[in-house]
Amino acid sequence: MKLGIHVIAFTVPDGAPGIAPELARVGAAAEAAGVTDLSVMDHYFQMEQVMPATDPMLEGYTTLGYLAAHTSTVRLGLLVTGVSYRHPGLLAKIVTTLDVLSEGRGQLGIGAAWYEREHRGLGVPFPPTAERFERLEETLQVCLQMWDQDNNGPFAGKHYQLAETLCVPAPISSPRPPILIGGSGERKTLRLVAQYADACNLFATTPAELTHKLDVLHRHCDEVGRDPGEITTTFLNRSPLSGADDVERFVDEMAEYAKLGADTVIVVPPGDRPAAWVEEVCAPAVPLLAEL
């Protein structure tokens with residue numbers, strides 16, 4: 001099993017001037033620990049269900065560009081970008097730029113979006129759920145066409161119309177940046193995973209829940225003729241992981257998920273000291289997880 005790090009808070013002691021140097025330290029610590037994936041959120045406001053909406057929040061792709069310059073091995077992506085935040089042609093161009101400037105380490109993580117307050121707050125349209133999923137599928141189709149260098153033509157969808165899908169330079173990742181779809185909706189999200197994604201990020205709090213979601217995903221794969229082994233399974237760890245004393249317990253818990261086919265577990269560092277936490281917790285956990 002591999003380990004990913006997902007940074008969701010930027011409440012460092014030095015305030016805004018301390019965010020950039022701390023993020024650089026997080027990148028260095030993650031690579032020294034052998035972490036494979038480094039992600040941040042795609043939100044305008046901090047998630048009010050977790051922390052105050054007034055807490056610091058950075059724009060996602062700008063942050064990944066900064067991390068690209070301060071890392072050399074980890075895969076970089078958002079977990080996950082909301083489909084409503086950017087026009088799909090622009091999104092494909094942004095991810096391509098990240099991939100080129102990181103020398104082939106960019107990833108498109110995407111989902112249907114859900115945080116209505118930040119949309120309303122900044123005046124960004126927030127369509128109904130059904131429409132957001134329609135837009136999500138069209139966005140995936142646009143990105144795939146943008147990354148197909150033999151298919152620079154128009155795109156005519158219900159919600160998006162592009163006269164051409166020129167994307168130069170092309171991504172460095174071969175054959176294109178990996179696509180990760182976040183979410184566990186059984187009727188729509190997991191169908192899109194089966195049809196379009198290279199990886200999924202599932203909401204699973206127990207091994208039984210992960211088993212169920214993977215069963216649903218595999219049924220969707222059968223329906224579209226896809227080998228489920230082609231799809232990397234990632235999930236966000238929900239159990240507390242406060243320090244080095246928790247590592248053994250954490251690895252023991254993750255063994256159950258690894259047996260079910262989970263490829264990558266993603267952990268969340270505290271906002272006030274993320275780099276030190278990565279050194280203390282992730283560094284010892286990586287080799288133990290690799291044995292699972």
Side-chain angles (χ1 to χ4, degrees), residues 4-31 33 35-88 90-102 105-126 177 180 182 201 234 236-237 266-279 282:
I5 294 174
H6 183 47
V7 179
I8 70 168
F10 306 96
T11 51
V12 297
D14 293 335
I19 294 176
E22 183 65 17
L23 275 176
R25 288 190 288 269
V26 169
E31 294 196 324
V35 167
T36 57
D37 297 85
L38 180 57
S39 61
V40 297
M41 294 197 298
D42 194 21
H43 285 300
Y44 306 143
F45 302 163
Q46 179 57 270
M47 298 182 296
E48 59 189 344
Q49 298 93 325
V50 181
M51 287 166 270
T54 51
D55 273 10
M57 181 52 56
L58 302 180
E59 195 284 318
Y61 281 108
T62 309
T63 305
L64 293 180
Y66 176 82
L67 286 169
H70 288 83
T71 57
S72 59
T73 61
V74 290
R75 175 71 65 180
L76 299 168
L78 297 187
L79 196 65
V80 289
T81 193
V83 69
S84 49
Y85 297 157
R86 298 167 191 85
H87 188 281
L90 176 60
L91 177 62
K93 189 67 178 178
I94 291 169
V95 176
T96 298
T97 301
L98 172 66
D99 193 61
V100 169
L101 296 183
S102 67
R105 295 183 288 123
Q107 174 173 273
L108 171 61
I110 193 165
W114 58 270
Y115 196 178
E116 184 173 3
R117 174 179 173 175
E118 63 186 359
H119 287 75
R120 303 299 183 206
L122 297 191
V124 177
F126 187 67
L180 177 148
N201 184 250
T234 78
L236 198 64
N237 175 55
I266 300 172
V267 295
V268 176
D272 58 342
R273 52 187 299 272
W277 185 89
V278 170
E279 293 171 349
C282 297

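Below, all heavy atoms of this structure are taken into account, side chains as well, without hydrogens, waters or symmetry copies.
Although no hydrogens or angles enter the test, the distance criterion places no donor-acceptor pair under 3.5 Å between the side chain of R75 and the main chain of D37. Between the R105 side chain and the T71 main chain, a donor and an acceptor come within less than 3.5 Å of each other. Judged purely by atom type and a 3.5 angstrom limit, E22 uses its side chain to pair as donor or acceptor with the backbone of A275. With Q107 contributing its side chain and V95 its backbone, the two residues share no donor-acceptor pair below 3.5 Å.
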L180/L79 under side-chain contact (heavy atoms from CB on, under 4.5 Å): CA gap, chis, key distance, verdict: CA-CA 8 Å; L180 177 148; L79 196 65; 3.8 Å; yes
Stepwise side-chain contact (heavy atoms from CB on, under 4.5 Å) check, E31 with L38: CA-CA 9 Å; E31 294 196 324; L38 180 57; over 6 Å; no
Worked verdict on I110 versus L91 for side-chain contact (heavy atoms from CB on, under 4.5 Å): CA-CA 10 Å; I110 193 165; L91 177 62; 3.9 Å; yes
Worked verdict on Y44 versus Y85 for ring-ring contact (aromatic ring centres under 6.0 Å, His included): CA-CA 9 Å; Y44 306 143; Y85 297 157; 4.8 Å; yes
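A donor and an acceptor atom, one from each side chain of T234 and N201, are located under 3.5 Å apart.
Residue Y66 comes nearest to A20 through the heavy atom pair OH-O, 2.8 Å, listed as atom of the first residue, atom of the second, then distance. Nearest heavy-atom pair, G82 versus A113, reported as atom, atom and distance to 0.1 Å: CA-CB, 3.9 Å. The nearest pair of heavy atoms linking C282 to A33 is C-CB, 4.2 Å. Of all heavy-atom pairs spanning S102 and L76, the tightest one is CB-CD1, 4.3 Å. Residues E279 and A29 come closest through the heavy atom pair CG-CB, 3.8 Å. Residues P56 and Q46 share a closest heavy-atom pair of O-NE2, 4.2 Å.
Taking CD of E118 as the start and CE of M47 as the end, the distance is 9.5 Å to the nearest 0.5 Å. Summarising the geometry, atom CG belonging to L78 is positioned 8.0 Å from atom CG belonging to L98; distances are rounded to the nearest 0.5 Å. How far OG1 of T96 is from CG of L101: 10.5 Å, rounded to the nearest 0.5 Å. Once rounded to the nearest 0.5 Å, the distance linking CG of L64 with CG of D42 reads 9.0 Å. Remark: K93 NZ to R86 CZ distance equals 16.0 Å, nearest 0.5 Å. Separating the CZ atom in R273 from the OG1 atom in T11 is a distance of 12.0 Å, to the nearest 0.5 Å.
Under the 30°/60° scheme for interplanar angles, the aromatic rings of Y115 and F45 are found to stand perpendicular.
Side-chain contact between H6 and M41 is present, with at least one heavy-atom pair separated by less than 4.5 Å. Residues I266 and I5 have side chains not in contact (no heavy-atom distance under 4.5 Å, counting atoms from C-beta outward). L23 places a side-chain heavy atom less than 4.5 Å from the side chain of L58. Counting heavy atoms from C-beta on, the side chains of I94 and T81 never come closer than 4.5 Å.
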